[in-house]
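Below, all heavy atoms of this structure are taken into account, side chains as well, without hydrogens, waters or symmetry copies. The sequence lines fix the lettering, A, B, ..., with proteins before strands; numbering per chain opens at 1.
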Amino acid sequence: MKIITLDRIFAGLVILLGIHVVTTSIGLGLYRGHVPGPGFFPMASGVLILVLAIALLARSFLRDKAITSDVIAPATIAVIGVLTVALVVFVFAAPLLGLSIATFILMVITGLLTQEPDRRGRAFYTRLILASAATAAICHVLFGQVIRIPLIYGPLGI
Amino acid sequence: METLTLLGSGIWAAASDPMMLLAILIGALVGLLIGALPGLGPTAGVAIMLPVAVGFEPVVALAMLAGVYYGAMFGGAVTSILLGIPGDAPSVMTVIDGYPMAKQGKAGQALGMSVYASFVGGLVGLVGLTLMAQIFSRYALMFGPVEMTALMILSLSLVTVLGTNDRLKSFISLGLGLWIGTIGLDQIMGGPRFTYGSSILLEGIDFSLIAVGMFGLGQMFLALEEGPASRVDMASYSYRSMMPRWIDFIKCRAALFTGSIIGFVVGVLPGAGATAATMMAYATAKKMSKEPEKFGTGAIEGVAAPEAANNSASYGNMVTLFTLGIPGSATMAVMMAGLLMLGLQPGPRLFEQQSEFVWTLFGTFYIGNLLLVFITILLVPILAAAVFVSRGLLFAMVIGVVVYGIYGINLSLDDLLVMAAFGVLGYVTSKLNYPTVPLILGVVIGPMLELGVRRSLITSRGDFSIFLGSSISVFLLVCTVIILVLPLFRRFRHSRALSTEQSA
C-alpha cells in the first residue's frame with residue numbers, strides 16, 4: 001500500500017472522528033449556566049482535530065510529495081494483521097489453556113512471524129521454544145509468586 | 001546544606017536496601033540492552049517495564065524505570081562506536097566520531113570516553129536535578145490552578161511545536177491525545193463521555209495500555225521493516241584500553257562541561273529531548289575546538305560532548321516532571337503514568353508530602369549512575385553482540401513480558417485488545433510521520449488541563465479573563481503565543497523573501 005494512500009485514508013478517518021467528537025460534545029452540553037459543561041473540552045479537541053485534518057487532506061492533494069514514493073510491503077501488513085489476530089485469539093484462549101501455556105503459544109507464533117526469513121532454521125526453532133518456555137515460566141513465577149497477582153490457571157494447573 | 005543532608009540520607013537509604021540495589025541493577029541492565037538494541041528506544045523500554053515495575057513498592061518501581069531510562073543512554077554508545085550502528089536516536093551523534101576512532105584502532109579509548117562522559121554528564125545532570133528540583137518545587141507552590149493551567153498550555157505547545165517538521169500532524173496528534181483523555185466519566189459532573197455504553201471505558205483508557213501499545217508494540221511493528229543488522233567487523237579493544245586517561249580528560253574538559261550543561265538545559269525544556277541536546281552539544285564542541293576539521297574523522301571530543309549531553313538531558317528531563325507534575329517527553333509521560341499508578345501525584349506537593357520517597361529515589365539515581373560505569377565496561381562484549389540477536393527471539397520475549405504485565409495491571413485480558421489497537425495506531429501514526437509525543441502528552445496532561453480550565457472558569461463564573469489576572473499566567477500565555485506564532489512568522493518571511501527573489 002502506498003503511504004500517500006494510507007495518509008489520506010487516515011486523514012479521512014480523523015475527519016470523521018472530528019465530526020463525531022464535535023456532534024457528541026454538543027449533545028453532552030458545552031455550557032451549564034455560565035460554566036463549561038462536559039462537552040466543552042471535547043469540543044475544543046474535536047474542532048482542533050477536524051479543522052487540521054481537513055487542512056491536512058487538502059494539503060496532501062495540493063502539494064504533499066514528501067512521502068508519496070514510500071510503500072508498506074504487503075508482507076509487513078500481513079504480519080501485523082496476523083499478530084493482532086493472534087493477540088485477539090489469545091484473549092479468548094487464555095482462560096481455557098491457562099495464562100502460561102497461552103503465552104508460550106503466543107510467543108512461539110510471534111517469533112515465527114517476526115523472524116528474519118534468512119535466519120530461520122532448526123537452531124532458531126529450538127532456541128525459540130526454549131526462550132518462550134523460559135520466559136513464560138519466569139513471568140509466571142515473577143507475577144504469580146513475587147508480585148502475587150492472581151493468574152489464570154488452565155487444566156494442567158499452570 | 002539542607003539539600004545535601006536530604007540527599008545524603010536518600011543515598012544511604014537506597015544503598016542500604018538490597019531490594020533497591022537489585023531494582024537499580026535490573027533497570028540499568030535492561031536499559032543498557034534496550035539502548036544497544038536498534039529498534040527499541042528508551043521510551044519503549046520504560047513502557048514495556050512499566051506494568052512489571054508497578055507491582056513493586058513505589059521507590060523500587062521508579063528506581064527500576066529510571067534505571068531503564070538512563071541505562072539506555074549509556075548503552076546506545078557501545079554499538080555506535082564498535083559497529084557504527086546507533087542503538088537509539090540520542091546515540092546517532094556518537095557514531096560520527098566514535099566509529100572512525102574504532103576503525104583507527106582506538107575503540108577502547110572511544111568506549112572509555114563514552115562511559116566516563118556519560119558518567120560526568122549524568123553527574124552534572126543529577127546535581128542540576130537535585131538543586132533545581134528544590135528551587136522549582138518551592139516556586140511551584142506559588143502556582144495556583146490558573147498558573148498551572150497556563151503552564152500546561154505552554155508545555156503542550158512547546159512539545160507540539162518543537163521536535164517536529166510537520167506541525168499540522170503534530171497538532172492533530174495532540175488533538176487526538178486530548179480527546180482520548182476525555183474518554184470516561186466527566187471529572188466534574190460525573191456523566192459518561194465517549195464510553196458507548198461500555199463499563200470498561202467508564203474509568204477512561206488506562207495510560208499504560210496506550211504507552212505499551214504505541215511504544216512497545218508499535219515500535220515492534222515498525223522494526224519488522226528493518227533489515228537484520230549486517231554483520232560488520234567489530235572493532236577490537238581491550239579492557240585496559242578503556243581505563244581513564246588524564247590526557248583525554250584534559251583534552252575533552254570543555255566538551256564534557258559544555259555538553260553536560262547544554263544537555264541539562266535542553267533536557268529541562270519540554271519537547272526538546274536528548275537527541276536535540278546531543279546535536280547542539282556536538283556542534284558547540286566543534287565550534288569551540290582548536291581543530292574543528294578533525295570532527296567527523298575520529299575526534300575524541302566528538303564522542304565526549306554528545307555522550308555527556310544525552311545523559312545530562314535524561315536528568316534535566318525529570319525536573320519538570322517531579323517539580324511541576326508536567327512531563328516534557330514521552331519517556332517522562334510513561335514515568336508519570338508509573339507514579340500515578342502507584343498513587344503518587346508528581347508536583348511540588350510531592351516534595352512536601354513524600355519527601356523521603358523523592359530523596360531516596362534521587363539517591364538511587366546517583367547510585368545507578370556510578371554503577372553503570374562498571375557494568376557498561378564489563379558488558380561491552382554482550383552489548384555489542386546484542387545487535388545481532390535474532391528478531392524473532394527478541395520480539396517473542398517482549399510479547400511474553402508485555403502480556404503478563406498488561407494482564408497484571410487490572411487483571412483483565414480485555415486490556416490486551418486495547419493495547420493491540422494502540423499498537424496498530426502507533427505503527428500507522430509513525431509511518432505517516434505523526435509525532436507520538438504530543439498524543440501521549442495530550443492523554444496525560446489533557447485531563448489535568450481540562451480540570452484546571454473548568455475549575456478556573458467555575459471560580460470566575462465563566463469569565464476567561466481569570467487567566468490574565470496573574471502576572472505568572474500572563475507571562476506563560478505570552479510565551480505560548482510567541483511559540484505558536486513565531487514559526488508562522490518565520491515561514492511568512494521566508495516565503496516573502498523567496499517571492500521577492502523570484503520576481504527579481
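- V146(A) touches chain B through its side chain: at least one heavy atom from C-beta onward sits under 4.5 Å away, while N, CA, C and O do not.
- For chain A, no part of V398(B) is nearby; none of its heavy atoms comes within less than 4.5 Å.
- Interface remark: M189(B) contributes side-chain atoms only to the contact with chain A (heavy atom separation under 4.5 Å).
- For V453(B), the part lying under 4.5 angstrom from a heavy atom of chain A is the side chain only.
- A pairwise comparison of heavy atoms in I147(A) and G55(B) identifies CG2-CA, 3.3 Å as the closest pair.
- Not counting sequence neighbours, the partners of F143(A) by the ring-ring contact (aromatic ring centres under 6.0 Å, His included) test are Y404(B).
- Ranked by heavy-atom pairs under 4.5 Å with chain B, the list L112(A), L106(A), L17(A) is led by L17(A).
- In this structure, the portion of L425(B) lying under 4.5 Å from any heavy atom of chain A is its side chain and not its backbone.
- Of the listed residues (T76(A), T114(A), T110(A)), the one with the most heavy-atom contacts under 4.5 Å to chain B is T114(A).
- Heavy-atom minimum distance, G400(B) versus C139(A): O-SG, 4.1 Å.
- Annotation: maximal heavy-atom pairing with chain A below 4.5 Å, among L174(B), D463(B), L449(B), D414(B), occurs at L449(B).
- Contacts between L50(A) and chain B at a heavy-atom distance below 4.5 Å are absent for every atom of the residue.
- The contact between V14(A) and chain B is made entirely by side chain atoms (from C-beta outward), counting heavy-atom distances below 4.5 Å.
- Between L128(A) and L393(B) the shortest heavy-atom distance is CA-CD2, 3.4 Å.
- When heavy atoms are compared at a cutoff of 4.5 Å, T429(B) approaches chain A solely by way of its side chain, counted from C-beta outward.
- You'll find the side chain of E225(B) reaches within 4.5 Å of the side chain of I72(A), heavy atoms only.
- Annotation for G175(B) and S45(A): closest pair O-CB, 3.8 Å, computed over non-hydrogen atoms.
- Within 6.0 Å of atom CZ in R455(B), 12 or fewer heavy atoms from other residues, nucleotides or ligands are found, so the atom counts as exposed in its surroundings.
- Heavy atoms closer than 4.5 Å to chain B are found in both the backbone and the side chain of L151(A).
- In this structure, Y196(B) places its OH atom where more than 12 heavy-atom neighbours from other residues, nucleotides or ligands lie under 6.0 Å away.
- Chosen from L168(B), L411(B), V52(B), L457(B), the residue pairing most often with chain A at heavy-atom distances under 4.5 Å is L168(B).
- The two residues P150(A) and Y407(B) have their closest heavy-atom pair at O-OH, 3.0 Å.
- Among A136(A), P42(A), A131(A), the residue making the largest number of heavy-atom pairs under 4.5 Å with chain B is P42(A).
- For I183(B), no part sits under 4.5 Å from any heavy atom of chain A, backbone or side chain.
- Inspection of non-hydrogen atoms places Y31(A), R32(A), H34(A), V35(A), P36(A), G37(A), P38(A), F40(A) of residues 30-40 of chain A under 4.5 Å from chain B.
- Interface remark: of the candidates I172(B), L217(B), T182(B), I399(B), I172(B) forms the most heavy-atom pairs closer than 4.5 Å to chain A.
- Summarising the geometry of K169(B) relative to R59(A), their closest heavy-atom pair is CE-NH2, 4.2 Å, with the distance given to 0.1 Å.
- Listed options L48(A), I80(A), L28(A), T24(A) were ranked by heavy-atom pairs under 4.5 angstrom with chain B; first place goes to I80(A).
- In this structure, the portion of P51(B) lying under 4.5 Å from any heavy atom of chain A is its backbone and not its side chain.
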